[in-house]
Number of protein chains: 2
Amino acid sequence: MNLKELASRLGLSPTTVSRALNGYPEVNEATRERVMAAAKRHNYHPNTRAIRLATGRAMAVGHVIPVATRHEIVNPVFADFIAGAGETYSRNDYDMLLSVVPDDQEEAAYRSLKSKGNVDGVIVHAPKMNDPRIALLHDIGLPFVVHGRATGTTLPYSWLDVNNRRAFQRAAEFLLDLGHTRIALVNGLEFMDFAIRRRTGYEGALSARGIAPDPALMSSDEMTEIAGHRAARRMLALPLRPTAFMVASMISGMGVRRALEEAGLQMGRDISVIIHDDDLSYMKNGEDVPIFTATRSSVRDAGRLAAEMLLDLIANPGPVPQQRLLEAELIIGQSTGPCLRL
Amino acid sequence: MNLKELASRLGLSPTTVSRALNGYPEVNEATRERVMAAAKRHNYHPNTRAIRLATGRAMAVGHVIPVATRHEIVNPVFADFIAGAGETYSRNDYDMLLSVVPDDQEEAAYRSLKSKGNVDGVIVHAPKMNDPRIALLHDIGLPFVVHGRATGTTLPYSWLDVNNRRAFQRAAEFLLDLGHTRIALVNGLEFMDFAIRRRTGYEGALSARGIAPDPALMSSDEMTEIAGHRAARRMLALPLRPTAFMVASMISGMGVRRALEEAGLQMGRDISVIIHDDDLSYMKNGEDVPIFTATRSSVRDAGRLAAEMLLDLIANPGPVPQQRLLEAELIIGQSTGPCLRL
DNA sequence: AATCGCCTTCAAACCGCTTTGGATGGCGCA
DNA sequence: TGCGCCATCCAAAGCGGTTTGAAGGCGATT
């Protein structure tokens, strides 16, 4: 069942039927209702491929996922971000296009998305310092929203980010208030922008209290259980072990916890831990009472909002970028307590 | 730059240019090369929207992701499966379409995907017992491959699955051989097909050695850290505690490990644990030496293969379903050892 | 020399929708 | 009565490719 057939059944022209269904004013309300009813009765759905060609819009948003040939790290927060964004797209009748490409072909992927006309815009994930994708997308004229920010970029662009600096600053202050002075940072890879900002917040809080950040208490690695465990283990073996840990993610935090338990330390009593909690649906931080004290910010909400920003940008193009900074909550859980060796 | 313009620059008809680029035989090799060169030089990429309308093919595959309104569980293995499938699609110039819908609108989502012509086929995730989606997709005539199987379904259909029954049977036998008799099962939700099969394998192995499965030693819940912890904790409090655990996933396993450590038990010495390892890229089971003894099967490979099956099914339609059963490896790690109370 | 057939190429129809630019008829108003 | 203006509807031209059916050119065959 297509437009032409539906039109002929109704004794109308395709023009009128199309307009009736799309809510144009120049059609009699009585006929509009007749058309609507017939469309429902015959289970008519306009062919998306034809709409796309005719309107020149793709009605789709792209997400390019680079897969590293060596590391093969698929970001664990990715699934939740996508779920959030996907809800927004569904609500607005947009499709979500995932493009999984080897990381050395990422630029080509964006270019092809644009020149083949598959999408109306893209979301940029995991920005790095001086991320080249921003200039690229500017160049080729593909609307985009960055999830995060890219330090060093001078071009204006739209982004949605969590205030990672302030979150880690507050978390560090919270630990300092509890009397901790040897606070370790188990950070993500520091070519990622958010990791840089988190370190800045951590160092700022320490410095403000006259504590010089100690390189031995700072690590930067992938946010896996293994890496979290490794980092914590190393630091716990120091002559002057830390009395508190700040950890980049829930999963890293589980590795840290394992190291603590191996060392016979009880979390929250002997030693304090604060993690960043992306509020992943499959990795909840406890049920009623949070296991970890955490800086929390839902990555799923971020997905929802970033998608909304992008759709808005597509509908209302203009040179003015949209920017939105979300604050993380500081959730008090069972993993922090006063420093024992005052 | 479009076909018509490229053609006029070359002094050829659009027909010939189109054929030259698409490798049709009825075009002079010399002109084909001339066309190819010009296409590259002018950076010509055919407009996907036009191709789709003209050919009637969507050149896209859909994945419908239902989000439960209450539980809000986004399957953690999902990201890796998608990454694998996405590689296959990219290689074959197919798009991957993700449709995130409330779980009570899943049927409508499939119907709409079909009637609007957005995709040529779909992958069905997380099949349940007597899964209604199989009959539905049969009905509406949308090619599909199921990741897993659906017990109780009589219709023939294409699937790719891991031999979950045998994997858990072998794992149980391995524990039995080590002298364990009180073996606990921390399973996933048992309306999921794979969870049912795992339990069958587990029970079969016990029964074959004359051990009656003990309901107190079997739990079925979401595969989260919290749920794993809760189940293990409950079982460890039994008068006759288990000496070994079989656990449905890496994440559940971390919860079990936490319960063991709280009980002062050392994994691999005091008590044994076998998990199922989906080989997630962000959740590796150790580096050189596996932390957990595990039944392992890469969900990413499964994604790659399922996507290949589907593309094949789309290219060569026919009534003969394709089916493929993958075997899981049994990986010996540090979390298992002989039963102490022989 | 006429015919045949192959190799190339092309014009035009088509995919299913949107949208522009009329056309038609009824109505109010002078 | 005549005119202009809406309200309503339609024919046709796109959108940018693919594909069908046909035609031109040329060497080989008879």
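Letters go in sequence order (proteins before strands), and every chain restarts at 1. Remember, predicted model here, so these are calculated numbers, not experimental data.
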Does dT8(D) have its OP1 or OP2 closer than 4.0 Å to a side-chain nitrogen or oxygen of Y24(A)? no

Shortest non-hydrogen separation from V61(A) to Y89(A) and the atoms involved: CG1-OH, 3.2 Å

Base, sugar-phosphate or nothing for T55(A)? Non-hydrogen atoms, less than 4.0 Å. sugar-phosphate

For dC10(D) and T16(A) - does any side-chain N or O of the residue sit under 4.0 Å from the phosphate oxygens OP1/OP2? yes

Base, sugar-phosphate, or nothing for L53(A), non-hydrogen atoms under 4.0 angstrom? base

Which is true for I51(B) with a 4.0 Å heavy-atom rule: it touches a base, it touches only sugar-phosphate, or it touches nothing? sugar-phosphate

Identify, between R19(B) and R49(B), the residue whose nearest nucleotide on DNA chain D lies closer to the 5' end. R49(B)

If only side-chain N and O atoms of T15(A) are considered, is one of them under 4.0 Å from the OP1 or OP2 phosphate oxygen of dC10(D)? no

Phosphate oxygens OP1/OP2 of dC9(D): is one of them under 4.0 Å from a side-chain N or O of N28(A)? no

Residue closer to the 5' end of DNA chain C, E26(A) versus P25(B) (nearest nucleotide): P25(B)

Categorize G11(B) for me: base, sugar-phosphate, or nothing, with a 4.0 angstrom heavy-atom threshold over every strand shown. sugar-phosphate

Does I134(B) reach the side chain of V124(B), with side-chain heavy atoms less than 4.5 Å apart? no

Within the pair N47(A) and dC15(C), is there a side-chain N or O less than 4.0 Å away from OP1 or OP2? no

